[in-house]
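Values in this document were obtained by computation on a predicted structure and should not be read as measured data. All residue numbers refer to positions in the sequence shown, counting from 1.
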Amino acid sequence: MGIKGASEPAGGYGAQRLGSGLIIGLLLLLGGCASVGGGSGEASQDPMEGVNRKVQAFNDGADRALLKPLARGYQFITPNPVETGVSNFFLNLRTPWTAVNQLLQGKPKLALADTGRFLLNSTAGIGGLFDVATDAGLEAHQEDFGQTLAVWGVPPGNYTVVPFAGPATLRDGLAGIVDTLVYPVRFIEDDTVRWSLVGTDIVQTRAKFLSAEALLRGDRYLFMRDAYLQRREYLINDGEVEEDPFLD
């Protein structure tokens, strides 16, 4: 299933950004509002590199100790069709917010198409478990508020690694708070159901990237930073830049 304008969870939003709002606010106070690429040289592009490296090391340790083993276990016990269904379900949950962001970005035709996609998958696709909309010619998209702010001309700000959430820019991190506030799972009143869905979303997202770790080469921090920034630029411009090296 091809997803255009899709924001990958490695930079992630929705469930991946739960609980990161206060942390991002503190980083704003510490890091100021200098923009990525606002000066010359590597230091001006990433003035928070020292702090970021420490946070990434912490995140990597937490991932190795908890999230990665859970993702491997989930992948081991879950048949591929079920994994696909779970992924489809959470993508479908985010589709209405995608349509809203498409409207905010001045893309009414795409917003209408994704609204139809949501309605079709939510009904004929049994709550989004089956992606019947793609077969009907309604291709998947995923837009977040960070992309909307970028279209509106808001500069990215410093590259920031958020504890437990991973790579972001200050713009995308703050936008992620909005994405979290409108995430449909958040409105489920039953705590057990709500947190079970959040946990499943995070684990299945992490499981998607297990095979991609073989791509990591050299300095892990620089690779992650450059991959994130290039990927976001590609998404914000709807692919109208150089070929996306991270799409696969």
For [X] and [Y], indicate whether the former's side chain and the latter's backbone hold a donor-acceptor pair under 3.5 Å.
{"X": "N92", "Y": "N88", "value": "no"}
{"X": "T123", "Y": "L120", "value": "yes"}
{"X": "N121", "Y": "G128", "value": "no"}

Ion pair [X]/[Y], N-O distance below 4.0 Å:
{"X": "K107", "Y": "E143", "value": "yes"}
{"X": "R94", "Y": "D144", "value": "no"}
{"X": "D201", "Y": "R206", "value": "no"}

Next item on the list: Quick one: pull up CZ in R231 and CG in D226 and give me the separation to the nearest 0.5 Å.
Entry: 15.5 Å
Next item on the list: To the nearest 0.5 Å, tell me how far R117 CZ sits from T95 OG1.
Entry: 6.0 Å
Check: Got S87 and Q204 here, is their nearest side-chain heavy-atom distance under 4.5 Å?
Finding: yes
Checklist line | H141 and D238, any side-chain heavy atoms less than 4.5 Å apart | finding: no
How is the hydrophobic cluster of [X] composed, in terms of its other members, when Ile, Leu, Val, Met, Phe, Trp and Tyr link through side-chain heavy atoms under 4.5 Å apart, directly or indirectly?
{"X": "L110", "value": "none"}
{"X": "L210", "value": "none"}
{"X": "F187", "value": "none"}

Hydrophobic cluster identity match, [X] and [Y], side-chain contacts under 4.5 Å:
{"X": "W152", "Y": "V178", "value": "yes"}
{"X": "V154", "Y": "L104", "value": "yes"}
{"X": "V185", "Y": "V100", "value": "no"}
{"X": "L149", "Y": "I236", "value": "no"}
{"X": "Y183", "Y": "W195", "value": "yes"}

Check: Given the rule in the side-chain contact (heavy atoms from CB on, under 4.5 Å) test, do V162 and V55 qualify, once you have shown the distances and angles that lead to the verdict?
Finding: CA-CA 7 Å; V162 182; V55 176; 6.0 Å; no
Notebook entry, point to check: Can a donor-acceptor pair be found between the side chains of N158 and T169 at a distance below 3.5 Å?
Noted result: no
Next item on the list: Determine whether the side chains of T134 and D131 contain a donor N or O and an acceptor N or O closer than 3.5 Å.
Entry: yes
Which atom of [X] lies closest to which atom of [Y], heavy atoms considered:
{"X": "Q75", "Y": "A207", "value": "NE2-O, 3.2 Å"}
{"X": "P184", "Y": "L93", "value": "CG-O, 3.4 Å"}
{"X": "A175", "Y": "G146", "value": "CB-N, 3.3 Å"}
{"X": "P69", "Y": "A65", "value": "CG-O, 3.9 Å"}
{"X": "L103", "Y": "P108", "value": "CD2-CA, 4.0 Å"}
{"X": "V132", "Y": "G125", "value": "CG2-N, 3.9 Å"}

Next item on the list: For the pair N52 and Y221, evaluate side chain to side chain donor-acceptor pair (under 3.5 Å) and give the outcome as yes or no after the intermediate values.
Entry: CA-CA 9 Å; N52 285 338; Y221 173 79; 3.2 Å; yes
For [X], side chain to side chain contact (heavy atoms under 4.5 Å, CB included) partners two or more places apart:
{"X": "T115", "result": "A99, L119"}
{"X": "N80", "result": "E83"}
{"X": "L70", "result": "L66, V203"}

Next item on the list: Give the intermediate values and the outcome of side-chain contact (heavy atoms from CB on, under 4.5 Å) for residues R220 and D60.
Entry: CA-CA 10 Å; R220 182 180 176 89; D60 288 345; 3.1 Å; yes
With sequence neighbours excluded, what pairs up with [X] under the salt bridge (charged side-chain N to carboxylate O under 4.0 Å, His left out) test?
{"X": "D191", "answer": "R194"}
{"X": "K68", "answer": "E213"}
{"X": "D219", "answer": "R53"}
{"X": "R72", "answer": "none"}

Next item on the list: Tell me, with the steps shown, if D172 and Y228 meet side chain to side chain donor-acceptor pair (under 3.5 Å).
Entry: CA-CA 11 Å; D172 291 343; Y228 175 82; 2.9 Å; yes
Next item on the list: For N101 and Q147, run side-chain contact (heavy atoms from CB on, under 4.5 Å): C-alpha distance rounded to whole Å, both residues' side-chain angles, the deciding distance at 0.1 Å, then the answer.
Entry: CA-CA 8 Å; N101 278 288; Q147 290 168 253; over 6 Å; no
Notebook entry, point to check: Do the ring planes of W97 and F145 sit parallel (below 30°), tilted (30 to 60°) or perpendicular (above 60°)?
Noted result: tilted
Margin query: As a test of understanding, state which of V51, D46, L170 forms a side chain to side chain contact (heavy atoms under 4.5 Å, CB included) with T160.
Written below: L170
Margin query: I need the full list of ring pair (Phe, Tyr, Trp, His ring centres under 6.0 Å) pairs touching residues 60-96, with sequence neighbours left out, sorted by first then second residue.
Written below: none
Note to self: side chain to side chain donor-acceptor pair (under 3.5 Å) for T98 and D114? Distances and angles first, verdict last.
What the structure shows: CA-CA 8 Å; T98 287; D114 275 292; over 6 Å; no
Notebook entry, point to check: Can you pull the salt bridge (charged side-chain N to carboxylate O under 4.0 Å, His left out) pairs that have at least one residue in residues 148-161, sequence neighbours excluded?
Noted result: none
